[in-house]
Amino acid sequence: MIVTIDGPAASGKGTVARALAARLGFAYLDTGAMYRAVALAALRRGAACDDGPAVEAVLPDVHVEMPPDRVLLNGEDVTEAVRAPAVSRGASQVAAVPAVRAFLVPQQRRIGLERDTVSEGRDQGTVVFPDAPVKFFVTADVRVRAERRCQELRARGVDTTPERELAELVERDRRDSGRADGPLRRPPDAVVVDTSGRTAGEVVDELEAVVRGLVGR
Ligand code: DC
């Protein structure tokens, strides 16, 4: 069974998706990390992430694997490397390249169908798993998201401010929602969850209750 969780950057969806998967005994698939791995591969090859043909040319040499809680790029563990701010920006750019989506979407379907999975991203309930029996759209006020992203980056030693993260998020939201292929959209049949002012634990309680109520698991 697939549970999808879509939503904008820094909405808290990653944290709650991972925790929900653990409570249900499901695998967790972080599809954003797959776009990040492609961006990292492009950047390492000196390709600009907004140059579609240059990014497409990198794809034959990209092999992404998603073992639990890790991201492997051609066998190398890049779990930490894909969290760098330049890779975040690049991921949202390569995600607008149709060839990249055509490359990753079938891989996501294959991974998701291997076992019960909570799959998190932007298009999981709309494009990748449109028949998923439970879908969530997790969001939060953009200022709350900017504050969270700032704290997360500072904890990892990155020097930033809430204002800078706000500008970055507004730009990423615009790109993620505005692209033609697989844009960030709320699936019409999704349960909408606003995480502003709530703890991750409270949100996960709600998600778990919805899943158990809908499918009796
Ligand atoms: O969830 P994240 O911030 O790690 O995602 C990184 C980028 O990847 C994000 O800006 C949009 C893109 N993405 C996407 O287009 N489709 C997905 N299913 C997941 C992420």
Side-chain angles (χ1 to χ4, degrees), residues 2-18 20-21 28-43 49-50 52 55-56 59 62 64 66 69-71 73 78-112 117-130 132 135-140 142 145-146 148-150 152-153 156 158 160 165-187 190 195:
I2 303 278
V3 174
T4 65
I5 301 190
D6 293 302
S11 56
K13 66 187 187 313
T15 305
V16 298
R18 190 184 301 273
L20 178 66
Y28 162 58
L29 178 61
D30 174 4
T31 63
M34 300 174 81
Y35 288 92
R36 289 169 179 271
V38 170
L40 181 64
L43 290 168
C49 289
D50 58 357
V55 172
E56 193 172 344
L59 294 178
V62 173
V64 180
M66 302 295 292
D69 295 328
R70 321 262 11 126
V71 195
L73 171 61
V78 294
T79 313
E80 291 301 317
V82 299
R83 295 286 141 199
V87 180
S88 300
R89 197 170 319 118
S92 137
Q93 292 173 329
V94 301
V97 178
V100 173
R101 306 199 78 81
F103 175 71
L104 291 179
V105 164
Q107 299 185 37
Q108 293 165 7
R109 287 199 182 113
R110 184 177 43 71
I111 297 170
T117 298
V118 174
S119 192
E120 177 232 317
R122 302 293 186 289
D123 59 347
Q124 299 302 291
T126 50
V127 173
V128 182
F129 299 110
K135 301 178 183 179
F136 293 103
F137 190 79
V138 173
T139 187
V142 70
R145 293 193 280 129
R148 281 185 190 151
R149 178 51 51 91
C150 179
E152 178 190 317
L153 288 171
R156 292 184 22 237
V158 177
T160 188
E165 293 313 315
L166 179 64
E168 190 75 42
L169 281 178
V170 167
E171 176 62 16
R172 272 180 73 192
D173 284 355
R174 190 191 57 70
R175 247 194 326 259
D176 291 345
S177 306
R179 63 171 175 252
D181 198 3
L184 171 65
R185 290 263 184 283
R186 179 175 62 78
T195 66

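As the structure lists them, so they are numbered: ligands from 1, and atoms in each ligand from 1.
- Looking at heavy atoms from C-beta onward, Thr31 lies in side-chain contact with Gln124 at the 4.5 angstrom threshold.
- When hydrogens are left out, the protein atom nearest atom 18 (N) of ligand 1 is Asp123 OD1, 2.8 Å; that is the closest non-hydrogen contact.
- Close contacts between ligand 1 and Gln124 involve ligand atoms 18 (N) [criterion: under 4.0 Å to a heavy atom].
- With Ser177 contributing its side chain and Asp173 its backbone, the two residues share a donor-acceptor pair below 3.5 Å.
- Among protein heavy atoms, atom 19 (C) of ligand 1 sits closest to Thr31 OG1, 3.4 Å.
- The nearest non-hydrogen atom to atom 10 (O) of ligand 1, considering only Ser92, Gly14, Gly121, comes from Ser92.
- In this comparison of Ser119, Gly90, Ala95, the heavy atom closest to atom 12 (C) of ligand 1 sits on Ala95.
- For ligand 1, the atoms lying closer than 4.0 Å to a non-hydrogen atom of Arg101 are 14 (C), 15 (O), 16 (N).
- When each of Arg145, Arg149, Arg89 is paired with Glu168, the salt bridge (charged side-chain N to carboxylate O under 4.0 Å, His left out) condition holds for Arg89 and for no other.
- Using a 4.0 Å cut-off between charged side-chain N and carboxylate O, Asp69 and Arg18 make a salt bridge.
- Ligand-side atoms of ligand 1 in range of Lys13: 1 (O), range being under 4.0 angstrom from any heavy atom.
- The distance from ligand 1 to the heavy atoms of Arg172 drops below 4.0 Å at these ligand atoms: 2 (P), 3 (O), 5 (O), 6 (C), 7 (C), 9 (C), 10 (O).
- Residue contacts with ligand 1: Gln108 is excluded, as none of its non-hydrogen atoms falls under 4.0 Å.
- Taking 4.5 Å as the limit, some side-chain heavy atom of Leu20 sits within range of a side-chain heavy atom of Phe136.
- Across the listed options Gly182, Pro183, Ala91, Ala91 owns the non-hydrogen atom lying nearest to atom 7 (C) of ligand 1.
- The closest side-chain donor-acceptor pair between Tyr35 and Arg122, if any, does not fall under 3.5 angstrom.
- In this structure, Met66 and Leu29 have side chains that are in contact, with non-hydrogen atoms separated by less than 4.5 Å.
- Between the side chain of Asp30 and the backbone N or O of Ala33, at least one donor-acceptor pair lies under 3.5 Å.
- Against a heavy-atom cut-off of under 4.0 Å, Asp176 is close to the following atoms of ligand 1: 9 (C), 10 (O), 11 (C).
- Nearest protein neighbour of atom 8 (O) of ligand 1, counting heavy atoms only, is Tyr35 CB, 3.5 Å.
- When Arg36, Arg149, Gln93, Arg122 are ranked by how near their heavy atoms come to atom 4 (O) of ligand 1, first place goes to Arg36.
- Against a heavy-atom cut-off of under 4.0 Å, Arg179 is close to the following atoms of ligand 1: 14 (C), 15 (O), 16 (N).
- Given atom 20 (C) of ligand 1, the protein heavy atom at minimum distance is Gly32 CA, 3.5 Å.
- Judged by distance alone, the side chains of Thr195 and Arg148 do bring a donor and an acceptor atom under 3.5 Å apart.
- Ser88 and Arg36 are linked by a side-chain donor-acceptor pair at a separation below 3.5 angstrom, with hydrogens and angles left out of the test.
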